[in-house]
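As the structure lists them, so they are numbered: ligands from 1, and atoms in each ligand from 1.
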Amino acid sequence: MINIALPKGRLGEKVYKILEESGYACPEFTKDNRKLVFTNEESGVTYFWVKPSDVPIYVELGAADIGVVGKDILLEQESDVYELLDLKMGKCRMCVAAKNGFIQDTSRPLRVATKFVNIAKKYYNGLNREIEVIKLNGSIELAPLINLSDVIVDIVETGTTLKENDLKVYEEILSISTRLIANKSSYKFKFKEICAIKDTLSRVINND
Ligand code: PRP
């Protein structure tokens, strides 16, 4: 059996759909129930629906053999897993944003609000810029508006949230997309099965 951790939500459903059409369906899967585990003995797969940011933990600890997760989460958690494939979905950018017209005061540490503490620290370390991190769990864009921070480090997809809050991108840190990851020992011991799933996904994605 191959255990697959899928992120709850649109992306997870999209990846499931591809796998379903490629011979890895779970007949009991329906959108309308609250079930979290789906098994199909015949095609040898079990799916878990997990919170997107928990996918690397399941995979790193071997509860799932493979999983689907955003590059942002992988980098932030510095997960010890193999990255097998860029699924080219969920594309967005990790950016530094601030109020329109923002000017940095370089005489003091920059106050940075973010969910992505490690990514922000690494980025500013590389610039030799001292920062004070304010860890938030959501609605990051609020921080500079009420002077809780000078800037934010956050995900920008369409740019709508920034625009509607009179904020703008000042620096781009990295491009993000969804990745297929594998547990390191599963990759060794279930190599054939994992590669079959990877190749299936790769074929569909690259033909799209
Ligand atoms: C993310 C991100 C931004 C928004 C960007 O938030 O943190 O707030 O999406 O998308 P946009 O550029 O298309 O407007 P999410 O929806 O995950 O909610 P959050 O506030 O809990 O982080």
Determine yes or no for a side-chain-to-main-chain donor-acceptor pair under 3.5 angstrom, with Asp150 supplying the side chain and Arg111 the backbone. yes
Just need the protein heavy atom nearest to [atom], so name the residue and atom and give the distance.
atom: atom 1 (C) of ligand 1; result: Ile155 O, 4.6 Å
atom: atom 21 (O) of ligand 1; result: Gly138 CA, 3.6 Å
atom: atom 13 (O) of ligand 1; result: Thr158 OG1, 2.4 Å
atom: atom 8 (O) of ligand 1; result: Glu141 OE2, 2.6 Å
atom: atom 14 (O) of ligand 1; result: Thr161 OG1, 2.4 Å
atom: atom 17 (O) of ligand 1; result: Lys115 NZ, 4.2 Å

Can you give me the closest heavy-atom contact between [X] and [Y], atom names plus distance?
X: Tyr170; Y: Lys168; value: CD1-O, 3.2 Å
X: Pro52; Y: Pro56; value: O-CD, 4.0 Å
X: Ile134; Y: Ser149; value: CD1-CB, 4.0 Å

Can you find a protein heavy atom under 4.0 Å from atom 11 (P) of ligand 1?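 Within 4.0 Å: yes, protein heavy atom nearby.
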Of the listed options Asp154, Asp72, Ile140, closest to atom 7 (O) of ligand 1 (non-hydrogen atoms):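 Checking each option, the heavy atom nearest atom 7 (O) of ligand 1 is found in Asp154.
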Give yes or no for whether the N/O distance cutoff of 3.5 Å, strictly under, is met between Ser139 and ligand 1.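 Min N/O separation from ligand 1 is below 3.5 Å for Ser139.
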Below 3.5 Å, N or O to N or O, backbone or side chain included: is there any such pair between Gly159 and ligand 1? yes
Ile66, Val50, Val68 screened by side-chain contact (heavy atoms from CB on, under 4.5 Å) with Leu6, the one that passes: Val68
Which ligand 1 atoms does Thr160 reach within 4.0 Å, using its non-hydrogen atoms?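 What qualifies from ligand 1 is 12 (O), 14 (O).
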Within ligand 1, which atoms have a heavy atom of Val156 less than 4.0 Å away? 12 (O)
Salt bridge or not between Lys99 and Asp166? Use side-chain N to carboxylate O under 4.0 Å. no
In plain terms, say whether Arg108 and Glu132 are close enough for a salt bridge, that is, a side-chain N and a carboxylate O under 4.0 Å apart.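 No, this pair does not count.
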Taking the six-membered ring for Trp, are Phe38 and Trp49 parallel (under 30°), tilted (30 to 60°) or perpendicular (over 60°)? perpendicular
